[in-house]
There are 2 protein chains.
Amino acid sequence: MRASDRAYDTLRQEILDGVLTPGTLLGEVDQAERLGLSRTPLREALSRLIADGLADQTKGRGTLVSSISAADVDLLFELRLPLEVQSARLAAERGDPRRFSALAERFSAAEKILRSRERQRDHTQDHAEEDEHYYALTEELDEAVSDAVANPYLSHSLRSMRAHLVRARRLAQHEPERLAASAREHREVCTAIASGDAETAGAAMLIHLRRSLAYITAQHETAQSAQQHRSLTPNREEPPA
Amino acid sequence: MRASDRAYDTLRQEILDGVLTPGTLLGEVDQAERLGLSRTPLREALSRLIADGLADQTKGRGTLVSSISAADVDLLFELRLPLEVQSARLAAERGDPRRFSALAERFSAAEKILRSRERQRDHTQDHAEEDEHYYALTEELDEAVSDAVANPYLSHSLRSMRAHLVRARRLAQHEPERLAASAREHREVCTAIASGDAETAGAAMLIHLRRSLAYITAQHETAQSAQQHRSLTPNREEPPA
DNA sequence: GTAAAGCCCTATGTATACATAGTTGACTAG
DNA sequence: CTAGTCAACTATGTATACATAGGGCTTTAC
């Protein structure tokens, strides 16, 4: 594997994971030293990140990790909605029904686990591992849809969009009740695709995305009002300069 | 302007114009000499072209201009349809009605010119300049929609898609009657956007794209049967090796 | 004390030199 | 004559060295 590819993969993942926060300066010398390679392959990696929209290069200050905010979620969903609905429709027409039936079963099982957790009001325990398992399942669905659609142009746009979406969604936490509902919606998408009904698959996806967006928007509004509350009762932790 | 930007713009335009045909080997030394720069900025340009999907790098033979065929048109329209329909809807909600009313008028005028040409069966004269004028008008509409939508994520996907589309459409010629019909469809899209009716705007765009695809598909089938005819009556211009 | 101008420094943009891997051609053996 | 292997060459991948432009800090003048 080329050094520039490793640098690209590493930086991309770090940006997506939030390790490199928006506004971080990606100095060529610094990053090259950190990743153990020369400036030349690193610059190639930066070019690709800029092309992806994950970094912006300014005239005099260098390359910065691109900013992302709650407002971007709305813009991203304006792209995501038509792309995912179209993908679901095409997957219904072309996909292997067995693969999506199997996924539907697994989403159904995941929903039961999440609902039981919800009933127990079991917020004290750490369910991070279960959450990761669920996120991995949704990624499996994304991959299955992408395989079924078999359209590199559509897949490329989806992949590009999802990178930004991951960053934007990091701004919100998902509570168990939402995950359970999400699992149900995903199951319905899988079932519709497995049945080969494009219209239903698209509609199920539309419903899922609309609810996801509504939930994220509500989360953001909650976070914003908490922010406002904090700013009304300031507790200056830092001394004035 | 940076040398790598110039190289990228030049190579991209040449690929889109068909000057660099699919499969052409983009040797780093050759292209660097031709464009009058060093290998380093040229490699950066190639990276961006690869990220755009306009070039593919093979392991041992270097970077090639990516292939495009009639089959890609169907795949591209599977992406284009939802993107453009969504754009039209959002433009209707957000755009400046005056700008789209003005464009509707201009498409109406263009349609009249193209229809008159059609009536006269005026295929002998060279109307390349008029065609260019019409294509420029459609690009103005694309830009107006992009401005109205004001969504960088959506615009980026559209721009990426259109680059491939330009290459694919090069495989087909547009006859006057199709251009006139296209002008009418564009006018209806503009009118719907100007009226602020998102549903109608999306529907008008859908109609336009379905008809465009049907026309291009028919053109390709004609070309293919002509190809088959030629292969049935081969006239070996080149002597056997 | 503040603002403006100039200088220095740092980071990016480009070029070139070097290492390496892959491919192609030739030569030899069967 | 054909197939396989080896060697050489060419093109890519990487590193480093150099030029330049922009920014920040300091200094000076008002």
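Chain identifiers are assigned alphabetically (A, B, ...) following the order of the sequence lines, protein sequences preceding nucleic acid strands; residue numbering begins at 1 within each chain. Model, not experiment: these values are computed from the prediction.
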Participant: Please list, chain by chain and in numerical order, all residues satisfying side chain to side chain contact (heavy atoms under 4.5 Å, CB included) with B/P22, sequence neighbours excluded.
Facilitator: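 Partners of B/P22 under the side chain to side chain contact (heavy atoms under 4.5 Å, CB included) test: B/S67, B/I68, B/R167.
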Participant: Applying side chain to side chain contact (heavy atoms under 4.5 Å, CB included), name anything that partners B/N151, two or more places apart in sequence or on another chain.
Facilitator: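 A/L75, A/E78, B/V149, B/Y153, B/L154.
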Participant: Side chain to side chain contact (heavy atoms under 4.5 Å, CB included) with B/E139: which residues, sequence neighbours excluded?
Facilitator: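 Side chain to side chain contact (heavy atoms under 4.5 Å, CB included) list for B/E139, sorted by chain: empty.
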Participant: With sequence neighbours excluded, tell me which residues meet side chain to side chain contact (heavy atoms under 4.5 Å, CB included) with B/D5.
Facilitator: B/M1, B/R2, B/R48
Participant: Check whether any side-chain heavy atom of B/M205 sits under 4.5 Å from a side-chain heavy atom of B/S87, and report yes or no.
Facilitator: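 No, side chains not in contact.
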Participant: Listed in order of residue number, which residues of residues 37-45 of chain B have a non-hydrogen atom at under 4.0 Å from DNA chain C?
Facilitator: B/L37, B/S38, B/R39, B/T40, B/P41
Participant: Looking only at side chains, do B/H186 and B/Y134 share a donor and an acceptor under 3.5 Å apart?
Facilitator: yes
Participant: Below 4.5 Å, heavy atoms only, C-beta onward: do A/L35 and A/T10 meet side chain to side chain?
Facilitator: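 Side-chain contact under 4.5 Å: yes.
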Participant: Do B/R39 and B/E44 meet the salt-bridge criterion of a basic N to acidic O distance under 4.0 Å?
Facilitator: no
Participant: Using a heavy-atom cut-off of 4.0 Å to chain A, what are the terminal contacting nucleotides of DNA chain D, in 5' to 3' order?
Facilitator: D/dG13 to D/dG22
Participant: Please compare B/R61 and A/V29 by the position of their nearest nucleotide in DNA chain C and report the one closer to 5'.
Facilitator: A/V29
